[in-house]
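Proteins come first, then strands; the chains are lettered A, B, ... in the order of their sequence lines, and each starts at number 1.
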Number of protein chains: 2
Amino acid sequence: MNRRLTSRGKERRRQLLDFATQRFAENGYHPTSVAEIVQGLGVGKGVFYWYFDGKEQLFLEILREAQQDLRRTQQKAIEGVDDPIRRVELGIRSTMAWSSDHAEYYKLTQFAMTEERFVPALRKGQDVAVKDIIRHVEDGIRCGAIRDTDPLYIAHSILGLTTQLVRVFIHERNVPPAEVAEEAIALVLDGIHAGDRSSVTSS
Amino acid sequence: MNRRLTSRGKERRRQLLDFATQRFAENGYHPTSVAEIVQGLGVGKGVFYWYFDGKEQLFLEILREAQQDLRRTQQKAIEGVDDPIRRVELGIRSTMAWSSDHAEYYKLTQFAMTEERFVPALRKGQDVAVKDIIRHVEDGIRCGAIRDTDPLYIAHSILGLTTQLVRVFIHERNVPPAEVAEEAIALVLDGIHAGDRSSVTSS
DNA sequence: GGAGAACTTGACCGAACGGTCAAGAAGCAG
DNA sequence: CTGCTTCTTGACCGTTCGGTCAAGTTCTCC
C-alpha cells in the first residue's frame, strides 16, 4: 500500500497508528477490531483500508516504527562516547527512558512473539539490538574491561535483565527510569555478589 | 465446571489440555479454534464443553498447572540446602531444566501478558516466584553474601536474566540447559565485569 | 439386567470479524 | 467551472468463531 498522501492524509495515518497502538496495548491485538479502531476516530471503515492493507500490516508497521525509534534514541545517546562500558551504560539508560515514554510498545512485542507470523519482524529488530550490544562488549573484552565470555551470552543477559526491570519497575510500578537504570547498570556490571569492585557508576 | 471424572474422563481432560497447549504454543491462542482442538483429537465439540467451561478457562487452567509444576520442581531442587547463594543457583538450574522440558509454556506466558483478562492469573504466579527468590536474597544479604540492594530489584533481575537466556539459548538455539545455567549463574553472581571474585561455581 | 451417571455426537446458532466496494465529498490545479 | 486525485462513507459479504443442546452411547455399580 503505497499511496500519495497529502499532509491531511499523513495526519490521518498517524491517528490510526497511534490509536491502534494504544488499543492493542490496552486490550490486546485480537480483541481490538478494525471496527473499534475506526469508531474510536469517528470515521468510516473505508478510511482504514485506504491507509493500510489490513490489520496485520498495520501491526507490523507499528512494530517497525517503534524499533526504529528506539534504536535512533540509543544511537543518539552513545554517539561520541568511546569507553565500551560507558556505551553499555548509556544504552541501558536511554532504553529505560525510551521505554518509560513508550509503555504501550512493550505489550505489543510480548504479543508478537506468540504468533508465528509476527516473529520474523520481531527477530529482525532484536538481532539489530544484539549486534549493537555485542560490538560494545567485544570492545570491552578486547580492552580487558569485560570478562572474556561469549559476547552473545553477555548481550542477551543485558537485554533480558533490562527488559524485566523495565516491565516491573517502570511499567508496573512507575519508578523513575533513571533510578531503575542505576540499579540495572550496577547489577549488569557487578552482579549480585557483595563486595564492590568500584564500577564507575556516575549518577 | 466441577465434574466427577472417571479415569477415562481424566485421561480425556489431559489429552485436551496437552493438545491445546501444543497448538496454542505453536500457533497462538486466538488462531487456534476450539474446533481445531477437538478435531485434533478426533472427537466431537461437545467433549470440549463437557470438560471445560470454555476456551478461556482451559487456557487459565494450563497456566495454573504450569506454574504449579515449575514451582514444585524448584522446591524439590533446593530442599535441604541452606546456603542462600546455593539456593539461588539451584533455583536457576532447575528452572533452566524445567523450561527446556516445557518449551511450550514460554510462549503461552508471553501471550497471556498481552491480554488484560489473563494478567491477574499470571501475576499471581510471578508473585510467588519473586517471593521465593526474595527469601533467599534476604538470607544472603543478612549473612553478607549478597550486596545490600533492594531484594525486589535483585529478584526481578535474576528472573529477567534467566528468562531471556532460557528463551534465546534453550528455546531458540537448543543449547543444553546445564550449560546455559552455568553462564546465567556466573552473570547473576558477578555481573559482566572482568576480574573473578571466585564465586563458588561448582559444575 | 436395569438404572443412572458419565461421556460423546455433530448439526446448529447468533454474533463478530476482517475485508470489499460503489458511491460520493472535499481539496486542488488549470 | 472542469476535471482529476485524494479521501470518506457505511451497507454489505463470506467466513469463522465460541458456544449450545437434544439425542444417543458407554460405563459403573447394585
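- Geometrically, B:K55 engages B:Y29 in a cation-pi contact, judged by NZ or CZ lying under 6.0 Å from the ring centre and within 45° of the ring axis.
- The pair A:R72-A:D69 does not meet the salt-bridge criterion, since no charged nitrogen lies less than 4.0 angstrom from a carboxylate oxygen.
- Between A:E61 and A:R64, at least one side-chain N (NZ, or NE/NH1/NH2) sits under 4.0 Å from a carboxylate O, which counts as a salt bridge.
- Note on ring orientation: taking the six-membered ring where Trp is involved, the planes of A:F59 and A:F111 are perpendicular (angle over 60°, cut-offs 30° and 60°).
- Where A:D53 and B:T6 each meet DNA chain C at their nearest nucleotide, the meeting point lying more 5' is that of B:T6.
- In this structure, the CG atom of A:L58 is 14 Å from the C1' atom of C:dG19, given to the nearest Å.
- Protein atom CD of A:E56 is 18 Å distant from nucleotide atom P of C:dC17, rounded to whole Å.
- Among the protein residues, A:R3 comes within range of no part of the nucleic acid, since none of its heavy atoms lies under 4.0 Å from any strand.
- For the segment residues 27-48 of chain B, residues with any heavy atom less than 4.0 angstrom from an atom of DNA chain D are, sorted by number, B:T32, B:S33, B:V34, B:K45, B:G46.
- Taking the charged nitrogens against the carboxylate oxygens, A:K107 and B:E115 have no contact shorter than 4.0 Å, which rules out a salt bridge.
- Taking the side chain of A:R4 as heavy atoms from C-beta on, and the options D:dT6, D:dT20, C:dG19, the nearest nucleotide is D:dT6.
- If you take CG of B:L5 and P of D:dC27, they are 16 Å apart, rounded to a whole angstrom.
- Residue B:E11 contributes atom CD, which lies 17 Å from atom P of D:dT26 at whole-angstrom precision.
- Tested against B:S157 for a side-chain contact (heavy atoms from CB on, under 4.5 Å), the candidates A:L161, A:T162, A:V188 yield a single pass: A:L161.
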Q | Pair assignment for DNA chain C - dot-bracket with | for other-strand partners, Watson-Crick or G-U under 3.5 Å | A | ||||||||||||||||||||||||||||||

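- Residue contacts shown for B:Y51 are limited to sugar-phosphate atoms, with no base heavy atom under 4.0 Å away.
- Residue-environment remark: CZ (A:R123) stays at or below the threshold of 12 foreign heavy atoms within 6.0 Å.
- Atom C1' of nucleotide D:dC7 and atom CZ of A:R13 are separated by 15 Å, given to the nearest angstrom.
- A tilted orientation is assigned to the rings of A:F48 and A:F52, their planes being inclined by 30° to 60°.
- Comparing B:S7 and A:R12 by the nucleotide of DNA chain D that holds the closest heavy atom to each, the one mapping nearer the 5' end is A:R12.
- In this entry the distance linking OH of A:Y49 with P of D:dC13 reads 17 Å, nearest Å.
- What separates CH2 of B:W50 from C1' of D:dT26 is a distance of 12 Å, to the nearest Å.
- Phosphate proximity of C:dT8 to B:R8: present, with a side-chain N or O under 4.0 Å from OP1 or OP2.
- Residues A:E11 and A:R8 are not paired through a salt bridge, judged by the lack of any N-O separation under 4.0 Å between the basic side chain and the carboxylate.
- Protein atom CZ of A:F59 is 16 Å distant from nucleotide atom C1' of C:dG18, rounded to whole Å.
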